[in-house]
Protein chains: 2
Amino acid sequence: MPANRQLPSESPVAPLACCTLDISPAEQQRLTAMFKALGNATRFAIVKYLVTHPGCITGDIVEILPITQATVSQHLKVLRAAGWIQGTIQGPATSYCLHTANIAWFRAKVDKIF
Amino acid sequence: MPANRQLPSESPVAPLACCTLDISPAEQQRLTAMFKALGNATRFAIVKYLVTHPGCITGDIVEILPITQATVSQHLKVLRAAGWIQGTIQGPATSYCLHTANIAWFRAKVDKIF
DNA sequence: TCCCTATATCGTAATAATACGATAATAGGT
DNA sequence: ACCTATTATCGTATTATTACGATATAGGGA
């Protein structure tokens with residue numbers, strides 16, 4: 001009878017293979033967080049919108065999506081935490097744009113792995 | 001009082017913006033499915049292992065991960081459905097490797113968007 | 001100071017994802 | 001036909017995510 005080995009879904013998983021890729025646990029976690037953040041239709045739509053509308057504010061995004069302001073705000077928080085976007089406070093509003101440095105890092109990592 | 005507009009999380013989200021990126025709803029769904037699939041530490045570990053161990057069988061993956069065979073099988077199914085990997089039956093076992101064509105498509109799309 | 005606008009956060013209900021053990025299915029050998 | 005090895009699927013408990021309405025926070029006038 002094996003011990004109960006269920007793990008919380010986001011705990012790091014360390015394979016015991018003899019040869020593995022050159023990715024640190026921290027990088028791996030950062031990568032999966034970025035993948036996970038865009039693995040949602042609403043968040044993908046937000047990022048897609050930001051590509052063509054850099055510098056827009058939260059309200060602009062709320063207008064184009066069929067969800068409430070509270071939910072959009074929550075999604076923006078997730079995208080910011082994952083590193084996809086960057087928000088700068090402008091008066092009472094917050095202006096958002098893509099976090100180009102992090103995105104470049106993401107692409108470089110993906111290119112390196114695959 | 002606004003109508004209840006909560007949507008199931010994976011339904012396509014169509015922004016009303018004047019100008020959007022050249023991505024069809026189907027492509028968008030395929031992309032988010034691929035992002036979502038790798039947005040999990042266990043599945044990322046599986047794909048990472050397959051990079052260095054192409055052609056390995058399910059049992060090999062089960063051995064290097066601290067989870068049961070049933071769970072690994074489930075994750076492999078998700079990765080296959082998303083298009084990251086490809087399985088070929090070899091006797092009673094199934095040999096897995098990366099789905100290079102789909103991965104190339106993914107990278108091309110990401111490169112195009114960002 | 002008192003509003004108005006814009007965002008963020010809280011609490012919560014409903015849904016989805018993840019993991020398990022148990023069991024079914026499939027291929028190959030005896 | 002039977003047994004073994006390998007993988008897939010089923011049913012289910014637990015946890016995580018997503019969405020909402022309500023409320024709090026912060027900036028900029030009047």
Side-chain angles (χ1 to χ4, degrees), chain A residues 1-13 29 32-33 35-46 50 55-82 85-97, chain B residues 1-13 29 32-33 35-46 50 55-82 85-97:
Chain A
M1 185 195 308
N4 183 352
R5 47 185 178 167
Q6 179 161 3
L7 297 172
S9 62
E10 295 318 322
S11 62
V13 173
Q29 193 162 354
T32 54
F35 272 108
K36 187 175 187 175
L38 273 204
N40 171 278
T42 300
R43 284 193 293 267
F44 189 90
I46 292 173
L50 282 176
C56 73
I57 65 173
T58 309
D60 298 331
I61 300 169
V62 172
E63 274 185 14
I64 60 146
L65 293 176
I67 54 178
T68 63
Q69 177 268 322
T71 304
V72 170
S73 184
Q74 207 169 262
H75 281 307
L76 287 170
K77 191 178 180 180
V78 172
L79 286 171
R80 234 182 315 156
I85 67 174
Q86 202 167 22
T88 60
I89 296 175
Q90 288 209 329
T94 306
S95 166
Y96 283 101
C97 55
Chain B
M1 186 194 307
N4 183 353
R5 48 184 178 170
Q6 179 161 3
L7 296 172
S9 61
E10 297 318 323
S11 62
V13 172
Q29 193 162 355
T32 54
F35 271 108
K36 187 176 187 175
L38 273 203
N40 170 279
T42 299
R43 285 193 293 267
F44 189 90
I46 292 174
L50 282 176
C56 73
I57 65 175
T58 309
D60 299 330
I61 300 169
V62 173
E63 274 185 13
I64 60 146
L65 293 176
I67 54 179
T68 62
Q69 177 268 321
T71 305
V72 170
S73 184
Q74 206 169 262
H75 281 306
L76 287 170
K77 191 179 181 180
V78 172
L79 286 171
R80 234 182 316 157
I85 67 174
Q86 200 167 22
T88 60
I89 295 174
Q90 288 209 328
T94 307
S95 166
Y96 283 101
C97 55

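To find a chain, count down the sequence lines: A is the first, B the second, and so on, and within it residues start at 1.
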A:Gln74 CD - D:dC20 P separation (whole Å): 10 Å

Of the candidate nucleotides D:dT18, C:dA8, D:dT7, which contains the atom at the shortest distance from the side chain of A:Asn40? D:dT18

Among C:dA19, C:dA8, D:dA8, the one nearest any side-chain atom of B:Thr58 is D:dA8

Would you mind classifying the nucleic acid contact of A:Ser73 as base, sugar-phosphate or nothing, using non-hydrogen atoms under 4.0 angstrom? base

When we call it a touch if two heavy atoms are under 4.0 Å apart, what does A:Ile89 touch: a base, just sugar-phosphate, or nothing? nothing

In whole angstrom, give the distance that lies between atom CG of B:Asp60 and atom C1' of D:dA5. 14 Å

For B:Leu76 and D:dT6, what is the distance between atoms CG and C1' respectively, to the nearest whole Å? 13 Å

Of the nucleotides D:dG28, C:dT7, C:dA19, which has the atom closest to the A:Ala93 side chain? C:dT7

Nearest-nucleotide pick for A:Ala70, side chain only, options being C:dT5, D:dA19, D:dG21: D:dG21

Rounded to whole Å, the CG-C1' distance (B:Leu65 to C:dT18) equals 14 Å

Does D:dC20 have its OP1 or OP2 closer than 4.0 Å to a side-chain nitrogen or oxygen of A:Thr68? yes

So, for B:Asn40 and B:Thr42, which heavy atoms are closest and what is the spacing to 0.1 Å? OD1-N, 2.9 Å

Would you tell me if any nitrogen or oxygen in the side chain of A:Thr42 comes within less than 4.0 Å of OP1 or OP2 on D:dT18? no

Check the phosphate of C:dA8 against A:Thr94, side-chain N and O only, distance under 4.0 Å to OP1 or OP2. Yes or no? yes

Is there side-chain contact between B:Ile61 and B:His75, with at least one heavy-atom pair below 4.5 Å? no

Any side-chain heavy atom of B:Leu38 within less than 4.5 Å of one from B:Leu79? yes

Can you see if the side chain of A:Lys77 gets near the phosphate of C:dT9 - specifically, an N or O under 4.0 Å from OP1 or OP2? yes

Quick check on D:dA16: is either OP1 or OP2 less than 4.0 Å from any side-chain nitrogen or oxygen of A:Lys36? no

Side chain of A:Gln69, base of C:dA6: donor and acceptor closer than 3.5 Å? no

Got A:Leu50 and A:Cys97 here, is their nearest side-chain heavy-atom distance under 4.5 Å? no

Taking only the side-chain heavy atoms of B:Thr71 (C-beta and beyond), determine which of C:dC20, D:dG27, D:dG21 contains the nearest atom. C:dC20

Could you check B:Ser95 against A:Pro92 and say which one's nearest nucleotide on DNA chain D is further toward the 5' end? B:Ser95

Go through C:dA19, C:dT26, D:dT18 for me and flag the one nearest to the A:Arg43 side chain. D:dT18

Mind checking B:Gln90 for me? I need base, sugar-phosphate or nothing, with any heavy atom below 4.0 Å counting as a touch. nothing

Between C:dT18 (P) and B:Ile67 (CD1): distance, integer Å: 11 Å

Keeping the roles fixed (side chain from B:Ser95, backbone from B:Thr88), state whether a donor-acceptor pair exists under 3.5 Å. no

Distance check: side-chain N/O of A:Tyr96 vs OP1/OP2 of C:dA6, anything under 4.0 Å? no

Using a cut-off of less than 4.0 Å, is there contact between a side-chain N or O of B:Arg80 and OP1 or OP2 of D:dA8? yes

Quick one: B:Leu79 CG to D:dA8 P, roughly how many Å, whole number? 12 Å

Could you tell me which non-hydrogen atom of B:Leu65 sits nearest to which non-hydrogen atom of B:Ala45, and how far apart they are? CD2-CB, 4.1 Å

Starting at CD1 of A:Ile57 and ending at C1' of C:dT7, how long is that distance when rounded to a whole Å? 10 Å

Over how many whole Å does the gap from B:Ile46 atom CD1 to D:dT7 atom P extend? 13 Å

